[in-house]
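Could you have a look at this structure, given as structure tokens, before my questions?
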Number of protein chains: 2
Amino acid sequence: MAIEHALLVSLRERPAGGLELARRFDRSIGFFWPATHQQIYKVLHRMAADGWIAPTGDEGARTTYAVTPRGEEELAAWIVRSTPTERLRSELALKMRAASYGDRATLLAEIEGRVAEHRIRLAHYETLQRRDYPEPTGLTGQDLDQYLVLRGGVLLEEFWIRWLTEYLEAHA
Amino acid sequence: MAIEHALLVSLRERPAGGLELARRFDRSIGFFWPATHQQIYKVLHRMAADGWIAPTGDEGARTTYAVTPRGEEELAAWIVRSTPTERLRSELALKMRAASYGDRATLLAEIEGRVAEHRIRLAHYETLQRRDYPEPTGLTGQDLDQYLVLRGGVLLEEFWIRWLTEYLEAHA
DNA sequence: CCACACTCTGCAACTAGTTGCACAATTCGG
DNA sequence: CCGAATTGTGCAACTAGTTGCAGAGTGTGG
């Protein structure tokens, strides 16, 4: 339902082909919307068929798409449409609750690993933050929005670290 | 991949039928794993066919399932299996980033509504916390786990409120 | 006792996303 | 220049989850 719009946003920022988009998803955009290249290609075709995007300057094998006026309209319309609240779906949370039916020690080890992962991701986001937005107070428009989404990534990682750490401490 | 196990956990706590399970999912278990009754029925059939659960004391139309030994095994095996890190998928985050391509005022209003929702949910969780776990320091085993998952719900709501509020303030 | 509402079960069709693979074009090291 | 690795595109089959609907059974107020 929304990957189309994620692609529109990314293509609005700069035209690109499928793989390039997939790479961008692995970085910024994908913090909050993971996608594989296969799915991206599938959706790109649909979007091109619907006239939301169009190939620019055919350079042979690789196709670069740009957003059409029709796509701009759709993007604006989507932003205004209301979005249902999203629920986090966490298998790990389930396991934490179920721990007493299995081997708790193994689960605790897994959680420790997960905390380490989140710390790494957090450090990565903080590096980006320092590099790209050293002085956030002056930001406006798109830059401000990008910064705030990155900020969301930071807060989310902090949530995970805090929660998992509390779990570990309670079972120490 | 995991709804089966969520159902096992819930049925382990107390045998039940499809609708009753759906109701439980709307409450505690579903904090981190939403599911509709239709899907629950579908999965229950599969699980019964696989021998993970079995109907208990046939009471006519409504079927109550309980976890079999085979199901217990599966539950324990699942807890030990490692889980891929989950990514939050947020359409709202995308919109925040895309705001400058549409009507920002409308989006800000929507975000305000969302904050209100999260505050309500947070208050609800805190009520549960006070009611069911007034003295968390003495908890052990399953009770402790349930408490800690509820605690995760609280932290998650706080994450949302904080992030969305920062966004609103930055665009005030 | 009968109409109406509610509970419980479930099917069908669909949409979104994943996994595994294949193949062409390009670049790059020897 | 040639073989190998990498980049870019994409199909096919599958799994998970959603939406919309329907019918059977139970209880309840007039």
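What you see below is based on every heavy atom in this structure, not just the backbone, and it leaves out hydrogens, waters and symmetry mates. Below, read A as the first sequence line, B as the second, and so on, with proteins coming before strands; counting in each chain starts at 1.
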Q | Ring centers of A/Y167, A/W160 separated by less than 6.0 Å | A |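 Judged by ring-centre distance (under 6.0 Å), A/Y167 and A/W160 do not meet the cut-off.
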Q. What residues, two or more places apart in sequence or in another chain, satisfy ring-ring contact (aromatic ring centres under 6.0 Å, His included) together with A/Y125?
A.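 Per chain and number, A/Y125 pairs via ring-ring contact (aromatic ring centres under 6.0 Å, His included) with A/F31.
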Q) Does a distance-only test, which skips hydrogens and angles, find a donor-acceptor pair under 3.5 Å between the side chain of B/K42 and the base of D/dT18? A)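 By the distance-only test, yes, there is a pair.
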Q.
Which nucleotide wins on minimum distance to the side chain of B/T36, given the candidates D/dT19, D/dG17, C/dG17?
A.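 So the nucleotide nearest the side chain must be D/dT19.
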Q. Taking atom P of D/dA24 as reference, at what distance in whole Å does atom CG of B/L19 sit?
A.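 Nearest whole value for this atom pair: 17 Å.
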Q) Quick one: is C/dG10 close enough that its OP1 or OP2 comes under 4.0 Å of any side-chain N or O from B/Y41? A)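 False: B/Y41 side-chain N/O out of range (4.0 Å or more) of C/dG10 OP1/OP2.
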Q: Kindly point out which of D/dG17, D/dG10, C/dC11 is positioned nearest to the side chain of B/Q38?
A: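 Of all the options, the side chain of B/Q38 is nearest to C/dC11.
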Q.
Looking at A/Q39, I'd like to know whether one of its side-chain N or O atoms comes within less than 4.0 Å of OP1 or OP2 on C/dG17.
A.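 A/Q39 to C/dG17 OP1/OP2: side-chain N or O found under 4.0 Å.
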Q) Could you state the CD1-P distance from B/I40 to C/dC11, rounded to the nearest angstrom? A)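 About 15 Å, once rounded to whole Å.
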Q: Inspect the surroundings of CZ in B/R121 and state if more than 12 heavy atoms from other residues, nucleotides or ligands are less than 6.0 Å away.
A: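 Enclosed: over 12 neighbouring heavy atoms sit under 6.0 Å from CZ of B/R121.
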Q) In whole angstrom, what separates B/L7's CG from D/dG17's P? A)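 Atom-to-atom, B/L7 to D/dG17, this comes out as 11 Å.
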Q. In terms of side-chain heavy atoms of B/R89, which of C/dT18, D/dG17, D/dT19 is nearest?
A.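 Among the listed nucleotides, the one closest to the side chain of B/R89 is C/dT18.
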Q: For the side chain of A/R46, starting at C-beta, report the closest nucleotide among D/dT18, C/dA16, C/dT9.
A: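 For the A/R46 side chain, the nearest candidate turns out to be C/dA16.
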Q: Report yes or no: do A/E73 and A/W78 form a side-chain donor-acceptor pair below 3.5 Å?
A: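 Per modelled atom types, A/E73 and A/W78 side chains form no pair under 3.5 Å.
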**Q.** Length of the line joining A/L44:CG and C/dG17:P, which is rounded to integer Å
**A.**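 Checked: the CG to P distance equals 14 Å.
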Q: Under 4.0 Å between any heavy atoms, over every strand shown, what does A/E20 touch: base, sugar-phosphate, or nothing? Just pick one.
A: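 No contact.
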Q | A/W33 CH2 - C/dT18 P separation (whole Å) | A |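 After rounding, the reported distance stands at 10 Å.
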Q | Ring centre gap for B/H5 and B/W33 strictly below 6.0 Å | A |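 Not close enough - the centres of the two rings lie 6.0 Å or further apart.
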Q.
Any base atoms under 4.0 Å from B/H45, or only sugar-phosphate, or nothing? Heavy atoms, all strands.
A.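 The answer is sugar-phosphate, as B/H45 gets under 4.0 Å only of primed atoms, P, OP1 or OP2.
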Q. Nearest-Å distance, CD (A/E86) to P (C/dG17)?
A.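 A/E86 atom CD is separated from C/dG17 atom P by 13 Å.
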